[in-house]
Structure formats: C-alpha cells, structure tokens
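Keep in mind that the numbers below use all heavy atoms, side chains included, and drop hydrogens, waters and symmetry copies. Below, read A as the first sequence line, B as the second, and so on, with proteins coming before strands; counting in each chain starts at 1. Since we're looking at a predicted model, the values are computed, not measured.
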Amino acid sequence: MSLKVYNSLSRQKEIFTPINAPYVGMYVCGPTVSGESHLGHARPFITFDVIYRYLMYLGYKVRYVRNITDAGHFEEEGREAEDKISKKAVLEKLEPMELVQKYTNLYHWAMSRFNNLPPSIEPTATGHIVEQIEMIKKIIEDGYAYEANGSVYFDVAKYNTDFSKVGKPYGMLSGRNLEDQLDTTRELDNQDEKRDKNDFALWKSAPPEHIMRWNSPWGEGFPGWHIECSAMSSKYLGEEFDIHGGGMDLQFPHHECEIAQSTVCNHKTPARYWLHNNMITIQGKKMGKSYNNVIKLTELFSGDSPILEQPYSPMTIRFFILQSHYRGTLDFSNEALQASEKALKRLWDSYEWYSKQTIDATTTATDNALDEKVKKLLAEFDEFMDDDFSTAKVLANMFDLSSVINSIKDKHIVADAISGPTATLLQKQLKTYLEDVFGLVGERVADNGQLDGVLQLLINIRKDAKGRKDFMTSDKIRNELAALGVQLKDEKDGGTSYSVN
RNA sequence: GGUCCGGUGGCCGAGUGGCUAGGCAGAGCUCUGCAAAAGCUUCCACAGCGGUUCGAAUCCGCUCUGGACCUCCA
C-alpha cells in the first residue's frame, strides 16, 4: 500500500514518491501578519498539520517549512503600490515590526490552541531580503526581468515563449494560457512601468512615505510578494523539493509566479507535488475580507460575534475540518459546528473510557464476526489516509468502533467478544490516530484536585438523598450543578460521573 | 468574457457503476425514581431531462443552478 496524493500540477492522484526518502521537504504558504487570522485561515494550517503528522506516522523524516509574510505584500490596485504592513501600521500608530509581532503572536497562540505542531522552520520575509535580492539579480541576468523606475518586473511573455518549448508554459499549474489572460485587459495605474500587464513585480521602488524599505541594486524598495516563497523554499528545501501546499486561491497567480521564478533560477519546477486545500464558505460564499463575512479565530473561541450562536472550541473546529475532505469546500453554519461539537464529544468520551480499560491480551474472541469487523475497521484507517488523506472516512470508521465500545461499556456486548490482541490494537490505533495523526486533545477543564473533591462530596450527598428517595434534594443538586455547567450522569454500575463544560 | 469546480435526505458532509458512509436533528423502543448518556430500530437522498449499461448518485450529452479563480486573498 502506498500513499496517493492529488497533485494540482497533473490534476490527478499520484503515488507519492519522495525525491530523497526517507526525507521529505514540505513548504506551505503561511500567513500575512498584517491582521488577525480568521476561520478560513485555519483550514490550510490544520490540513497541512495533519498531512505533516501522517507523513511522520509513515516514517518519513519531514522538514516542514511555513513562512511568515511580514513585508512585501503590497497592493497594486491603488494609485501607488503600498505595502500592506506599513499601511496598517500607520493606521494603528505602531511601528511596523510592532504590528508584525502583535499579529505573529496572536497567530502562534491560535496555532497552539489548535494543537498544530510548529513547523521545522518558520522563516520571515524580512529576514530573507538578501536571498530575495540575489534571486532577482539572477533572473535579470538571465534576461527574464527588467528594471523600470527602480522597480523590477518579471517578463512573463518571454518566459512563456521560451519555457513552452520545454513543456513548462506560464499557467501550467492553474491551467490557463496567456492568450486568455491577454483578452481580459484592465487598466492599472502603473501599467506604464510594465511592458505587459501579465508581468508581476519582483521588487518595488518605495515611495518616500513608505516606512518599510531596504537598499537594493535598484534603489530603496521592498520585495514583491511571490519572490519570498521562492527564495525561502529553495534556501531551506533545495532547488527541488517534494510538497508545496497552500489554499486554492493561491494557485494563481502566487504559485504560478513561484514556479516561473524558480524555474528561471534553478531550471527546475520547484516542487513535485502541489497540494491545495479548498475554501471555507458561509452560505456558499467564500469566507474573505472582500465579502465581509469573516469570523476571526478569537471571535470563534469566545463566541463574540453576531454570526455565532455560541463559542466553539479549537478542537471542535479541528474536528469540523477533518470531517470533510480537504479539497472540497466546507460550509460554515452554527448548526454544522454544533453537530461537530456533539459528535466529537461522543467519540472522545468512548475513546477515553476505553483507553482506561485493562485488556487481557491472551483472551480469544467469543464473537469472531465482530472481531473481524473491528480489525477491518482499524486496518482501513491507513488505507483511507493513503487515499489522499481521507480523514472523513477514518472518522466514520471511528464512529462505528465507538458504537462497539459503548456497547461493551453498557454491557450489551461482553468485553471478551473481541480478542485480547484485537482489543489492544483498538486501544493503540485509536490513540495513535486521534492524538498523533489527527492531533486532537481532550478539552477538560484543568483540575487541581479541589474541584474533584468538592464534586465527589456533592455526588455522595446526592447518593444518600437518592437512597432515602429524597428526589427533591438529589434533583436540586443535579439541576443546580447543571446550571453551573457541570453535568452529572448516573452510570449503569451505580456510580455517578460528571463532565465540566 | 476566459478558465475551472460543484449541485447528495431538515443541516453538515463521504461516496472508486451493483454491497445503497458517518455525524447532528426527528420518531419509536430499552435502560432509568426522573433525567442525561448509551444501545437498538426507524424516517428522510442523489438538481432536471435524455442516453450508454443487465444495472448509474457514480459514465456521456443537454438544460437549470451555485461557487471559485482571472486583483489582495488560506
């Protein structure tokens, strides 16, 4: 069995073969830290975190590089190109790097709440100005870029003509051809600087009021957006690496431009497998600033937004994302997230209970059919993940297993219905997949022992009351605890358990 | 206008031609002092119209319809 991934470059699933196994290089486009991350941003970072984790589960040694864009991400539409970062900084009266730090911290906080593993390297654009300038110089030397008024532009037409001959036309990733692009002419203000509207900036001359600026052979300025990813990915992963990931909306022009830049410099398509996650939508529309429908992560966790009926925990969101396939759109709604919240609780409760059970590894199955079924459901975990990371299918199997576990718990099924080895495997695989591969963690309120002591006291008082058939008292304890967010459950064995919201 | 991707039950979503995921919600039953939880059972689908096939949600065509990208975008 081998891993298959959908490669945007070929538009089909391909067997994943690392260039230099067991090492795998993976680059994922990170955030622009000029503002707060929203739910849409969470998807690629959770998706590629799970991919990272699964690759390691398969035994690969992965170098995972995810950048931070802290400069150079300018807007071209306005009268003059403005760096997004410095523009926002003036508005908030912060030093540019102060702003960058603020949103970087917030982003890291959100990533850790999602239990995303930190990447191996998290390079910043401002930390790699030199590498970017070197790359631009090389592109100019090779004749695929030109200078104009202190800015440098990539010559797309020349690139397309020359590299079409070797089967690498501009547009090969997003499946568009230059002729179609030429048809949709739009007048831009600094059109006159460019020889062609398809040309994109490698370096922009900084106007006097621009705060973020660096010296370059072409005067003071700042780098274009696309060049940072090319410079940093080749620096840390080599001229050719295995996986390049990001959101589908980056496919064009960002990733297309990356391919063009790197191909000129290194004569190689930088990455072999291009993986793109689809968008999160609200009522069918992409979540994004232009639609004014974003839900920031801080709002999501606190519930502080008119769109939200309640707060949603990081694990609920993680689970929500894992319930769909990463290449499909995923529609946000309160109903959908509430369903995820309940589903995750059910799954996690049965997992936690079962992981505490002591298994006698020597027993044989008294119900062979069930034993086989459990083994099959477990074996399919790998099979489904190997098929382009079908997390949704793995979760479906987990719910089937959850039913088996709950039946054992409620004694509808005897514990030795499945064999000792199968039970051990069940414990092990659930833990491996839920915690190590899917990166889910329990979200219980931290308890220092005091709370537990108090609750056990109340549970005992209630038990006494129940014994006297004093249901007034027992219900009062249960109802008032419920109002405080503590749920009591009378278990089949006569004991009482609780859960804290 | 160009390029591309979808339309699955009340909601979110898997679905590689035949074995008709899964979750949430709804209904019934079991258990329970009552709950909750859990278990069992059950209801509700493949946008429409043709075609291919013994058989189609799945392949082909057309129609309707939603969306993404082409500009910053995860």
Exercise. Base, sugar-phosphate alone, or nothing: which one does M287(A) contact when heavy atoms must sit under 4.0 Å apart?
Worked result: base
Exercise. Do R327(A)'s NZ or CZ and the ring of Y6(A) fall within the cation-pi criteria of under 6.0 Å and 45°?
Worked result: yes
Exercise. Atom OH of Y312(A) and atom C1' of C12(B): how far apart are they, to the nearest Å?
Worked result: 12 Å
Exercise. With sugar-phosphate meaning primed atoms plus P, OP1 and OP2, does A396(A) contact a base, only sugar-phosphate, or nothing at under 4.0 Å between heavy atoms?
Worked result: base
Exercise. Is the side chain of R318(A) donor-acceptor paired with the backbone N or O of F438(A) at a distance under 3.5 Å, no angle test?
Worked result: yes
Problem set entry | Interatomic distance where CZ belongs to R478(A) and C1' belongs to C34(B) [whole Å] | 6 Å
Exercise. Counting any heavy atom closer than 4.0 Å, what does D387(A) reach on the DNA or RNA strands: base, sugar-phosphate only, or nothing?
Worked result: nothing
For this session: Give the rounded distance in Å between these two atoms: NZ of K285(A) and C1' of U65(B).
Result: 13 Å
Exercise. Base, sugar-phosphate alone, or nothing: which one does K286(A) contact when heavy atoms must sit under 4.0 Å apart?
Worked result: base
For this session: Would you mind reading off the distance between E491(A) atom CD and A38(B) atom C1', rounded to a whole angstrom?
Result: 9 Å
Exercise. What does L330(A) touch in the nucleic acid at a heavy-atom separation under 4.0 angstrom: a base, only the sugar-phosphate, or nothing?
Worked result: sugar-phosphate
Exercise. Can a donor-acceptor pair be found between the side chains of Q427(A) and S355(A) at a distance below 3.5 Å?
Worked result: no
Problem set entry | Integer angstrom distance from the C1' of G55(B) to that of C19(B) | 13 Å
Problem set entry | Closest nucleotide among C11(B), G33(B), G39(B) to the R346(A) side chain | G39(B)
Problem set entry | Span that lies between the P atom of C44(B) and that of A27(B), in whole angstrom | 16 Å
For this session: Can you tell me the distance, in whole Å, between the OH atom of Y326(A) and the P atom of C5(B)?
Result: 16 Å
For this session: Please state how far atom CG in D331(A) lies from atom P in G66(B), giving the value in whole angstrom units.
Result: 15 Å
For this session: Evaluate ring pair (Phe, Tyr, Trp, His ring centres under 6.0 Å) for Y273(A) paired with H244(A), printing each intermediate quantity in order.
Result: CA-CA 6 Å; Y273(A) 304 94; H244(A) 191 127; over 10 Å; no
For this session: Could you please name the option among G10(B), G23(B), G33(B) that lies closest to any side-chain atom of F399(A)?
Result: G23(B)
For this session: Take atom P in C46(B) and the same atom in A25(B), then report the distance between them in whole Å.
Result: 24 Å
Problem set entry | Value in whole Å for how far the C1' atom of A14(B) lies from CZ of F389(A) | 18 Å
Exercise. With centres under 5.5 Å and planes under 30°, do F471(A) and G33(B) count as stacked?
Worked result: yes
For this session: Answer with base, sugar-phosphate or nothing: what part of the nucleic acid does F319(A) contact at a heavy-atom distance below 4.0 Å?
Result: nothing
Exercise. Which of these nucleotides, A14(B), A74(B), C12(B), is closest to any side-chain atom of H38(A)?
Worked result: A74(B)
Problem set entry | Assigned partner base of U32(B), Watson-Crick or wobble definition, under 3.5 Å | none
For this session: Please check if the distance between the ring centroids of F114(A) and F301(A) is under 6.0 Å.
Result: yes
Problem set entry | Whole-Å distance separating the NZ atom of K13(A) from the C1' atom of U16(B) | 7 Å
For this session: Answer yes if the ring centres of F154(A) and Y159(A) are under 6.0 angstrom apart, and no otherwise.
Result: yes
Exercise. Base, sugar-phosphate alone, or nothing: which one does L488(A) contact when heavy atoms must sit under 4.0 Å apart?
Worked result: base
